[in-house]
Amino acid sequence: MDRLTRRQFIGLVGASGVSAAAALSGCAPTSPRPSPESSGARVVVVGGGPGGATAAKYLKYFEPNLDVTLVEPKRSYYTCFGGNWYLGGFRELETLRHDYRTLTSRYGVRVVHDRAIDLDADGRRLITEENGSLPYEKLVLAPGIELDYSRVEGMGASDAEAIPHAWEGGKQYAVLRSQLLEMKDGGTFIMCAPPNPFRCPPGPYERASLVAHYLKEHKPRSKVLILDDKDGFSKQGLFKEGWEALYGDMIEWVPASAGGALDHVSVAECKVYTDGGAQAHRADVLNVIPPQRAGRVAQQMGLTDDDGWCSINQLTFASDKHPDVHVLGDAAVVGAMPKSGHAANNQAKVVAVAILAELRGHELPEPTKVNTCYSLLAPDWGVTVAAVYKYEEGEIRSVEGAGGLSPEGASRDFRLREADFAPAWYAAITQDIFR
C-alpha cells in the first residue's frame, strides 16, 4: 500500500462528495442526463441504511427523472459504525443520527416510512404494512441483518434489555452504555463475539478496546473478557499489539480452541457457559452478540438460501431467485467483500449503474469496488484496513497487492494520525449517504 502511498489511498477512500465517492466505485458520474428509456421508470428501495439510502440517492443523481421510492420504517437512522466511540465515552449518540430530508429535498427521493412485509415478484409489487402494494420495474433490497437468537440457547430477543447486543444502532447502544456507567470498579465486562459471517468483522474487537479505554479512565480495576466462537479475527495482530501497549492485562481474549465458544446463557445469573458448557463466566455487564442472517424481510420474501443469506449475481447484485430484485449490503453474499457500511455504500452505486444500464439497454461495465475500515483502540490509537475488489469468473475477488493494512510496530504518532482520519472518514461517508 505504501506504493500508492497508503495515506493517499485512504484519503481517497474516505473522500467526501458525489464525484469522489462514485469514482471510487468505478462509476464516476458525468453531468446527469435523462434517458428516454429510463425516465419515469419506478424503482423501490427497501432499507434506509448505508446501502439503501445510497442506492436511492445515486439512482436519482444519475437519472433525475427516475421514480424512486425509499421504504424505511424509522424516521432516523443511527449508524453502527461510530457506535463503539460512544461506548468509549468520546462521542455523543445523537451525532450518529441521520435523517432522510436531504434525499427528498435535494434529490427528489420519495421516502415512505413503512415496513415492507412481502413481495409479489410476478406482479412486481412490494407489499407494505400500511401503504398497500407499491409497483416497481426494479426493486432494491438492503435489509441489513437479523440477530439469530434461535442459535443462542437460554436467551431470546426479549432479553436484549438485560443483556444487550448493541449490534443495531441507537437504543441498544444507550442500554449498554448505561450498564457500563453503573458497573462497579473491579467488575468484569464480558463480550461474546459471534461466529462468521457477521456485520463488521473488526467491530467486536474495537468495542472491547474502547470499553477498556472507558474502564481504564473511570474503573481501572475492571477487566474485559472476550469469549470467541472463532480462532482468529480481522486485524488480530494490530489489536493484540495495541491491547498490550494500552491496557496491559486488562483485556483477555479466549478463542474457540481454548474454550471461548458460547454454549448457553443464564440471563437470571448474568452468566455465559462456554466450551460445551464446561466453563462458566459471570459478568457484571454481559454483551452477547448473536449469530446473524439476512434481515427478516429478505426471509419473508423467500430471497435467502439455506445459510440465511441472499445469493446474488455478483456483477449486477440481482437476486438468484428474482432477477428484478437487487440485494446489497450485509444481507447479500458478495464474495470477498466484508459486511460493512463502507462496502454497502460502495455496492449501492454499482447497483444504481446496473439498474440504469439494464433500463437503457446498455452493457454493464465491471466497476472496481473498494472497502475501508477504521478501528480505534483508543481516541488517539487507530488502525486501518483497505481493500480493492474486482468481478472475476462469477464472483467478487480481492485484487492482489491492492489496499493494505496498518503496519505493526508503528509509532504512536502514526497511530494518532490513523485515529485522526477516522472521524473525517465518518463525516465523509455519512455525507455521501445522506446528503
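We're numbering straight along the sequence, starting at 1.
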Any ion pair linking Glu395 and Arg397 (charged N to carboxylate O, less than 4.0 Å)?
yes

Suppose we screen for salt bridge (charged side-chain N to carboxylate O under 4.0 Å, His left out). Which residues come up paired with Asp320, at least two apart in sequence or across chains?
none

Name all residues meeting the salt bridge (charged side-chain N to carboxylate O under 4.0 Å, His left out) criterion together with Lys230; count only those two or more places apart in sequence or in a different chain, and write none if there are none.
Asp228

Taken in chain and number order and not counting sequence neighbours, the residues that satisfy ring pair (Phe, Tyr, Trp, His ring centres under 6.0 Å) with Trp253 are Phe233

Can you confirm if the NZ or CZ of Arg91 lies within 45° of the ring axis of Tyr426 and under 6.0 Å from the centre of its six-membered ring?
yes

CD/Glu244: more than 12 non-hydrogen atoms of other groups inside 6.0 Å
no

Would you indicate whether the side-chain heavy atoms of Tyr136 and Val43 approach each other to under 4.5 Å?
no

For the student: nearest non-hydrogen atoms of Ala116 and Gln300, plus distance
O-OE1, 4.1 Å

With side chains defined as the heavy atoms from C-beta onward, is the minimum distance between Tyr149 and Pro291 less than 4.5 Å?
no

Side chain to side chain contact (heavy atoms under 4.5 Å, CB included) partner of Thr372, the single match among Asn346, Thr384, Ile429
Thr384

Polar side chain donor-acceptor pair, Asp99 to Ser76, under 3.5 angstrom
no

Side-chain (His165) to main-chain (Trp167) donor-acceptor, under 3.5 angstrom:
yes

So, do Trp381 and Leu376 sit near enough that their side-chain heavy atoms are less than 4.5 Å apart?
no

Quick one: list whatever passes salt bridge (charged side-chain N to carboxylate O under 4.0 Å, His left out) with Asp275, sequence neighbours left out.
none

Between the side chain of Arg177 and the main-chain N/O of Leu87, is any donor-acceptor distance below 3.5 Å?
yes

Is the Phe421 ring parallel, tilted or perpendicular to the Tyr374 ring (thresholds 30°, 60°)?
perpendicular

Check whether any side-chain heavy atom of Glu206 lies under 4.5 Å from a side-chain heavy atom of Leu377, and answer yes or no.
no

I'd like to know if Asp324 and Arg124 make a salt bridge, using a cut-off of under 4.0 Å between side-chain N and carboxylate O.
yes

Distance from Gln299 atom CD to Cys310 atom SG, nearest 0.5 Å?
8.5 Å

Give a yes or no on whether a salt bridge exists between Glu63 and Arg360, defined as a side-chain N under 4.0 angstrom from a carboxylate O.
yes

Do Lys60 and Asn65 have side chains that get closer than 4.5 Å, going by heavy atoms?
no

Would you say that Lys57 contacts Arg106 through its side chain, given a criterion of any heavy-atom pair below 4.5 Å between the two side chains?
no

Any luck finding a side-chain donor-acceptor pair between Asp305 and Ser311 under 3.5 Å?
no

Is there a donor-acceptor contact under 3.5 Å linking the side chains of His98 and Thr79?
no

Any carboxylate oxygen within less than 4.0 angstrom of a Lys/Arg side-chain nitrogen, looking at Asp67 and Arg42?
no

Given the rule in the side-chain hydrogen bond (donor to acceptor under 3.5 Å, both in side chains) test, do Asn345 and Thr54 qualify, once you have shown the distances and angles that lead to the verdict?
CA-CA 6 Å; Asn345 165 261; Thr54 303; 3.1 Å; yes

Any salt bridge linking Arg97 with Glu94? Criterion: basic side-chain nitrogen under 4.0 Å from a carboxylate oxygen.
yes

Rounded to the nearest 0.5 angstrom, the CH2-CG distance for Trp85 and Leu210 is 9.5 Å

Can you tell whether the side chains of Lys235 and Glu241 come within less than 4.0 Å, N to carboxylate O?
no

Could you state the interatomic distance from CD (Gln236) to CG (Leu238), rounded to the nearest 0.5 Å?
10.5 Å

Is it the case that Tyr58 and Asp432 place a side-chain donor and acceptor less than 3.5 Å from each other?
yes

From Tyr77 atom OH to Glu72 atom CD, the distance as rounded to the nearest 0.5 Å:
8.5 Å

Answer whether the closest heavy-atom distance between the side chains of Met337 and Ser398 falls below 4.5 Å.
no

Value for CG (Asp229) from CZ (Phe198), rounded to nearest 0.5 Å, stands at 10.0 Å

Decide yes or no for Asp307 and Val333: does some side-chain heavy atom of the first lie under 4.5 Å from some side-chain heavy atom of the second?
no

Check this for me: Arg110, atom CZ, are more than 12 non-hydrogen atoms of other residues, nucleotides or ligands nearer than 6.0 Å?
no

Contacts of Arg293 that satisfy salt bridge (charged side-chain N to carboxylate O under 4.0 Å, His left out) - sequence neighbours left out:
Glu146, Asp148

More than 12 heavy atoms from other groups under 6.0 Å of CZ on Arg435
yes

Considering residues at least two apart in sequence or located in another chain, which fulfil the ring pair (Phe, Tyr, Trp, His ring centres under 6.0 Å) criterion with Tyr273?
His264

Residue pair Trp243 / Ser209, side-chain donor-acceptor N/O under 3.5 Å
yes

CG on Leu359 to NZ on Lys138, rounded to 0.5 Å:
6.5 Å

